[in-house]
Amino acid sequence: MPKYVEPVSRLIEELSKLPGIGPKTAQRLAFHMLSSPRDEVVRLAEAMIDARTKTRQCSVCFNITVDDPCEICSSADRDRTTICVVEYPRDVIAIERTGEYKGLYHVLHGVLSPMDGIGPNDIKLRELVARMKEPVSEVIVATDPNVEGEATAMYIARIAHTINVRTTRLAHGLPVGGDLEYADEVTLSRALEGRKEI
Amino acid sequence: MHLERIQLVNFRNYRDEELSFSPGINVFVGNNAQGKTNLLESVHVLSTSRSHRAFSDRDLVLWGENAFAIAGTVSTRSIRHQIRIRYDVDAGKDVEIDGKKVYRSSDLTQVLAVIVFSPEDLQVVKGSPGMRRRFLDSELIQINPAYRHAYREYTKALQHRNSILKGSAAAHHGLDSDLAIWDEQLASHGAKLIELRREAVQELKVLSADKYGAVSGGGEELELAYATSFPCEESSGEEATKEALLSALAKTRRESLSRGSTVVGPHRDDLAIYVEGQDLRSFGSQGQQRTAILAMKMAMLEFVERCIDDLPVLLLDDVMSELDEKRRKYLLSVVSNRIQTFITTTSPDIGNAISDSPTVYRVENGRAWRC
């Protein structure tokens, strides 16, 4: 098999290790970099190194942060008795965008998934349990509404129950602004189940 | 609904073929390995985006090529739809209805629903419980979104639970509480599955008893019953079924641990088939079994018709030669120019035996033409 010269084939190989990038895309990206101005590629490389070396996980909530504890955990304006549990840092951003939530977070960095060998000790569950023992009035579980997310929520609820902490789950329902007729059947029947009196 | 026209490009052994069909009976005649079943398969792919006999889409591509395409024109009660399915080894699959991309195969089934009847189905009565579950599942998954959702989530939860069971041969810390949360997931999705299967079986039971009588001449009575793999009272509701499954999972925990897999639940349930109170799964003549599956398939056809409020298309893959005169006649009387039907056969006599003047196509080495 003919191969590219070593620096190029090495770049293609490294790029194709990234999630969602196959060999063809890796090749396209590599050649894009070869034809880009030198300082643009240097900026990309620096951005990658900076992002990786200047950030860490907050020692309280495990969100990605520059300073430890993170901005949210050290803020005086947040309600410290409410913890919202999410799967990944991107979920924190999603909930923050609402501007509605004033409590703290806890990032699990995954969900229970025995099929993939992920048990309670492989995600930040023990750390969550430790936090629930401090004065906490409510834990909001905002894991994804699929089997793994539900099982993880159930796991948290069971422990919270034994230490008398109130747990709530995000509601399932219709997307706002959408048309009823375009909602899929499963979402619609969940929304029916969770209907509210007006 | 019926398929008016189909176009195949690099699909199986067809390089480029375009055929138009009659809304009644279409017969594909040809020797073995000429491409008759491939034509039926292409109709199945149009209806579900998947083959009913290949494991991978790759197998559907003409040897030496990287992509296939199927396009079809379907006429439903009110309007005409264009379906286009493209598959590329690298880029994957792309499904369009009337030029709009769709992501759920159920959207296809809304436009074109098919029922397949092939020689393997003749094994359903006497075969493994898995074959009988598939008899129910394959149609329910296509026509009922709630069923498809419960099926998918249940299967995932089951795989997770089995992973825990397999991994914990050695003493595992907190095993009971780990299993308990998955039991809960299994039970809630499992109960939904069981309730929906029971509803379907209830309807199929009435329909197939009627059809069994019509084939056998009315002497004997066919009865279907959904048989759970654990004690669970029928018609007590989803909540009660969930409780029953939860307690069965807890009771069988030790056995499940030693086997490394979950021993109760809808993935172990069965469809019981009786004639005159006798269990056809283990007793019963070959004739009774064939009449039973024929009745069950025709019942399924009517069940699907009720669900989608239109007539599905029937694909008879090499099954005519397996049926005797009486059963063949019955099958054709159900079809009777009402249901669009595609038949494959090696014997031209079958075409001649159909009184309703079918449209006959000759199939030879990756080419097909109307006779």
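Because only heavy atoms are used, hydrogens play no part in the values below, and waters and symmetry mates are left out as well, while side chains stay in. Every chain is numbered from 1 and lettered A, B, ... according to where its sequence line falls, protein lines coming before strand lines.
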So, for P89(A) and I64(A), which heavy atoms are closest and what is the spacing to 0.1 Å?
CG-CD1, 3.7 Å
If one checks every heavy atom of A146(B) against chain A at 4.5 Å, the contacting part turns out to be backbone
Heavy-atom side-chain proximity of V136(A) to R131(A) below 4.5 angstrom
no
Between H189(B), E153(B), E184(B), which has the largest tally of heavy atom pairs under 4.5 Å with chain A?
E153(B)
Mind checking whether F31(A) and Y4(A) have parallel, tilted or perpendicular rings, split at 30° and 60°?
perpendicular
So, Y226(B) versus E234(B): side-chain donor-acceptor pair below 3.5 Å or not?
no
With a 4.5 angstrom heavy-atom cut-off, could you sort out which part of D90(B) is near chain A: side chain, backbone, both or neither?
side chain
Mind telling me whether Y147(B) and Y151(B) have parallel, tilted or perpendicular rings, with 30° and 60° as the class edges?
parallel
Using a cut-off of under 4.5 Å on heavy-atom pairs, state which of G119(A), P120(A), A153(A) scores highest against chain B.
P120(A)
Using a cut-off of under 4.5 Å for heavy-atom pairs, which of G117(A), G22(A), S113(A) has the most such pairs with chain B?
S113(A)
Which atoms of R161(B) come close to chain A, meaning under 4.5 Å heavy atom to heavy atom: side chain ones, backbone ones, both, or neither?
neither
Side chain of D310(B), backbone of M1(B): donor and acceptor closer than 3.5 Å?
yes
Which bit of A180(B) is near chain A, if near means a heavy-atom gap under 4.5 Å: side chain, backbone, both or neither?
both
